[in-house]
Q: 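The structure under discussion is supplied below as structure tokens; questions concerning it will follow.
To find a chain, count down the sequence lines: A is the first, B the second, and so on, and within it residues start at 1.
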Amino acid sequence: MLTFNDNKAGMGGLDKEKITKVIEENTSASYSSFSKKQQSRIDEKVAEIKNRIEKATREEKQKAENSMKNLEIKLEASRDLSRDCVCIDMDAYFAAVEMRDDPKLRTIPMAVGSSAMLSTSNYLARRFGVRAGMPGFISKKLCPELTLVPGNYPKYTKVSRQFSEIFMEYDGDVGMMSLDEAYIDLTEYVANRTEKRIFTRHRYGGDCPCWLPRVPEDEDIENLQFEDSECTKCSKNRRAYFDDVEFGVGREEVVREMRFRVEQLTGLTCSAGIAANFMLAKICSDFNKPNGQFVLENDRNVILEFLEKLPIRKVGGIGRVSEAHLQSMDIRTVGDMLLQKALFPLCFSPLAQESFLRTALGLPGRPSSSDPRRKSISVERTFSPTSDFQMLCDVHLEICQMLEEDIRKAGVIGGKTITLKLKLSSFDVLTRSLTPSDTVSSLEDIQKYSLELLEKEKGKEIRLLGVRLSQLVFEEEKKSKTITDFWNDAKQQKPLSSPEDADEIIMMDTRPCPICGADVENQLEILNRHVDECIQKMTDEESPELICISVETKKKVEKPVVFSKKRKIQEKKPAAKKVATIDSFWKKE
DNA sequence: GCGGATCAC
DNA sequence: TATGGTGATCCGC
């Protein structure tokens, strides 16, 4: 059975057994039997691994050992201890955004998601065992007080864009792995950073709870400068304190500086890992969560010592299944991996052998494809299980329409391969694909070919349909506006009106907002925050192209960070049908 | 090229 | 009442 996993931060010291019991009690029969099926697949594989190790001849074992020794020498030669790699991870991201914008949520257990699935929970909820990936209705059993907040993805995207622009100042090539996770190579920046930097820090106090960050209760505020104003949201008095903070020149100082700036700009905290490569930095980012950072020295012995006791599940790429496989070889920590490496060729493919050995040595994964373009694009939806073919066709059509819309927005002309994905009411997943001689491009093509595949599965009881295009064909690279262009365009405009939120401005050096013309404090974060709000107001009604905008920065940004697309949820009423359509699914509760 | 699996977020 | 959606990659045919 799937046992409860307390991998995540903020889950120490909770009653694992009780939580596992509640989860089991609330698991439906069909899901439970699916889990069992999965587990027996794993057990089978485990038995196979044990068998292979047992029946290996001495020659085979010797060959395996030599092979791994040679590989280790080769990999060790590639070790690079010269880089400053940083992984930054926002703390409980979606939940933190909701808590920031609704102070009531800050003191109660809450989670972002639906009764079907949670995306994130706050730290109060985690104490009950409520965590990402858990269905909301089970979370409610674990924590009846739990407040569920539906996700607001456009907002999370917008906030993510705000702080990723800070990262871009330090590494023009910053990689946004998702809305809340950034990979930053600080090597060059740190090498060139010769002077400390001083920032004005804003923190809030007074009766108004709206703005973050707050000044800690226990801090001595006698000597802080402040300014009072009436909050436009809650009408209470808000006291803004400000003082100066200083950041030095080493990589740890620079990471503190980035985290400080993120919090000043967004009111959200993040955690960071600093190490010689991103694989290690990612692991480190979890070590002082929340609102902390952890640095791993760029030293081979220090790295190996750090990994020795690290549970394998903490390593990126080792999931539930690989963990079980490795455990069957008495491997629980990364240190164990190094001890048992001679067994790898007996049980795993060459790629897996190399991947595990890299992990054991603290080396990054193989560099992947140099083509940054996406490989596939897809849409899938879950609904109440049905075998009614007409209903399945209706859902299928909607999915195809959404996919066609997405490929146009993504600058994709079409794809050579089309794949239909089905999830049966048993939770088993099937895929069926087709590669016609001509590129699949129009809505008609998408619909025709995938329907052909669907028709062959008539009669099955289905709970999810998906359609995917792969081997994509792209449009010509579209010319996109640079940040500076936008600034220059906006500067030409006359101020539209006097600013309504003038009280948000703390008296200092100002410059006019390029959108509304209001005077805004001339500090990058504050200015950016204001400009983003203006843009939001401006574009709320339309469905704007994602604009990458920022106040001009000293360092020119070469390429905009790419964000995932967004979809507007249709507001039209659900059709009166017995089975949930896509619309009614998304509109429920 | 296809279908199943695994993984991350 | 009730267990998501998107994208990538790898393995073994």
Q: Considering just the side-chain nitrogens and oxygens of A/Arg463, establish if one lies under 4.0 Å of OP1 or OP2 belonging to C/dT1.
A: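 No, no such contact exists.
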Q: Return the value, rounded to whole Å, for the distance between atom CZ of A/Phe94 and atom C1' of C/dG4.
A: 12 Å
Q: Please list, for nucleotides 8-12 of chain C, all pairs of protein and nucleotide N/O atoms separated by less than 3.5 Å.
A:
{"residue": "C/dA8", "atom": "OP1", "partner": "A/Lys375", "partner atom": "N", "Å": "2.8"}
{"residue": "C/dA8", "atom": "OP2", "partner": "A/Lys375", "partner atom": "N", "Å": "3.1"}
{"residue": "C/dA8", "atom": "OP2", "partner": "A/Ser376", "partner atom": "N", "Å": "2.8"}
{"residue": "C/dA8", "atom": "OP2", "partner": "A/Ser376", "partner atom": "OG", "Å": "3.1"}
{"residue": "C/dC11", "atom": "OP1", "partner": "A/Ser349", "partner atom": "OG", "Å": "2.3"}

Q: Within less than 4.0 Å of OP1 or OP2 of C/dG4, is there a side-chain N or O belonging to A/Lys423?
A: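 Yes, because at least one side-chain N or O of A/Lys423 sits under 4.0 Å from OP1 or OP2 of C/dG4.
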Q: For A/Leu403 and C/dT6, what is the distance between atoms CG and C1' respectively, to the nearest whole Å?
A: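 Taking atom C1' of C/dT6 as the reference, CG of A/Leu403 is at 12 Å.
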Q: Taking the six-membered ring for Trp, does A/Tyr31 stack with C/dT3 (centroid gap under 5.5 Å, planes within less than 30°)?
A: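 It does: the ring sits over the base of C/dT3.
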Q: A/Arg259: what forms a salt bridge (Lys or Arg N to Asp or Glu O under 4.0 Å) with it, not counting sequence neighbours?
A: none
Q: With sugar-phosphate meaning primed atoms plus P, OP1 and OP2, does A/Thr419 contact a base, only sugar-phosphate, or nothing at under 4.0 Å between heavy atoms?
A: nothing
Q: A/Arg41 or A/Thr417: which one's nearest nucleotide on DNA chain B is closer to the 5' end?
A: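 The answer here is A/Thr417.
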Q: Distance-only criterion, 3.5 Å: show the donor-acceptor pairs between side-chain atoms of residues 134-150 of chain A and protein atoms not counting sequence neighbours.
A:
{"residue": "A/Ser139", "atom": "OG", "partner": "A/Pro135", "partner atom": "O", "Å": "3.0"}
{"residue": "A/Lys140", "atom": "NZ", "partner": "A/Leu146", "partner atom": "O", "Å": "2.8"}

Q: On DNA chain B, which is the earliest and which the latest nucleotide, 5' to 3', with an atom closer than 4.0 Å to a heavy atom of chain A?
A: B/dG1 to B/dC9
Q: Rounded off to whole Å, could you give me the CG-to-P distance for the A/Leu465 and C/dT6 pair?
A: 13 Å
Q: Side chain of A/Ser115 only, heavy atoms from C-beta on: which candidate in C/dT3, C/dA2, C/dG5 is closest?
A: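 The answer is C/dA2, which lies nearest to the side chain.
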Q: Listed by chain and number, what are the ring-ring contact (aromatic ring centres under 6.0 Å, His included) partners of A/Phe167, not counting sequence neighbours?
A: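 Checked A/Phe167 against ring-ring contact (aromatic ring centres under 6.0 Å, His included); matches are A/Phe163.
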Q: Apply ring-ring contact (aromatic ring centres under 6.0 Å, His included) to A/Phe34 and list each qualifying residue two or more places apart in sequence or on a separate chain.
A: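 Applying ring-ring contact (aromatic ring centres under 6.0 Å, His included) to A/Phe34 gives A/Phe427.
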Q: For A/Glu380 and C/dG5, what is the distance between atoms CD and C1' respectively, to the nearest whole Å?
A: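 Nearest whole value for this atom pair: 5 Å.
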Q: How close or far is atom P of C/dG4 from atom OH of A/Tyr153, stated in whole angstroms?
A: 13 Å
Q: How would you list, by chain and number, every residue that makes a ring-ring contact (aromatic ring centres under 6.0 Å, His included) with A/Phe294, sequence neighbours excluded?
A: A/Phe287, A/Phe306
Q: Could you point out which residue of A/Leu268, A/Leu179, A/Val262, A/Asp101 forms a side chain to side chain contact (heavy atoms under 4.5 Å, CB included) with A/Val159?
A: A/Leu268
Q: Under 3.5 Å, which donor-acceptor pairs do the side chains of residues 460-471 of chain A form with other protein atoms, sequence neighbours left out?
A:
{"residue": "A/Lys460", "atom": "NZ", "partner": "A/Glu457", "partner atom": "OE1", "Å": "2.7"}
{"residue": "A/Glu461", "atom": "OE1", "partner": "A/Ser425", "partner atom": "OG", "Å": "2.9"}
{"residue": "A/Gln471", "atom": "OE1", "partner": "A/Thr417", "partner atom": "OG1", "Å": "2.8"}

Q: Could you tell me whether A/Gly316 contacts a base, only the sugar-phosphate backbone, or nothing, with contacts defined as non-hydrogen atoms closer than 4.0 Å?
A: sugar-phosphate
Q: Across the strands shown, which category fits A/Lys282 at heavy-atom distances under 4.0 angstrom: base, sugar-phosphate, nothing?
A: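 Sugar-phosphate contact only - A/Lys282 comes under 4.0 Å of backbone atoms but never of a base.
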Q: Between C/dG5 atom C1' and A/Glu398 atom CD, what is the distance in whole Å?
A: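 It works out to 16 Å between those atoms.
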Q: With sequence neighbours excluded, tell me which residues meet salt bridge (Lys or Arg N to Asp or Glu O under 4.0 Å) with A/Lys375.
A: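 Not a single residue meets the salt bridge (Lys or Arg N to Asp or Glu O under 4.0 Å) criterion with A/Lys375.
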Q: Could I get the full list of side chain to side chain contact (heavy atoms under 4.5 Å, CB included) partners for A/Lys50, not counting sequence neighbours?
A: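 Side chain to side chain contact (heavy atoms under 4.5 Å, CB included) list for A/Lys50, sorted by chain: A/Val46, A/Ser328.
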Q: Are a donor atom and an acceptor atom from the side chains of A/Ser271 and A/Asp89 found within less than 3.5 Å of each other?
A: no
Q: Could you check how far CG of A/Asn26 sits from P of C/dT3, rounded to whole Å?
A: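 Going from A/Asn26 (CG) to C/dT3 (P), I get 12 Å.
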Q: Applying side chain to side chain contact (heavy atoms under 4.5 Å, CB included), can you list everything that pairs with A/Ile331, at least two apart in sequence or on another chain?
A: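 Side chain to side chain contact (heavy atoms under 4.5 Å, CB included) list for A/Ile331, sorted by chain: A/Ile312, A/Leu326, A/Met329, A/Asp336, A/Met337, A/Gln340, A/Phe344.
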Q: Hey, is the side chain of A/Ser114 poking within less than 4.0 Å of OP1 or OP2 on C/dG4, counting only N and O atoms?
A: no
Q: Given atom CZ of A/Phe383 and atom P of C/dG4, what is their separation to the nearest angstrom?
A: 12 Å
Q: Where along residues 430-443 of chain A does a heavy atom fall under 4.0 Å from DNA chain C?
A: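 DNA chain C contact set from residues 430-443 of chain A: none.
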Q: Cut-off 3.5 Å, side chains only: do A/Tyr153 and A/Ser119 have a donor facing an acceptor?
A: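 Per modelled atom types, A/Tyr153 and A/Ser119 side chains form a pair under 3.5 Å.
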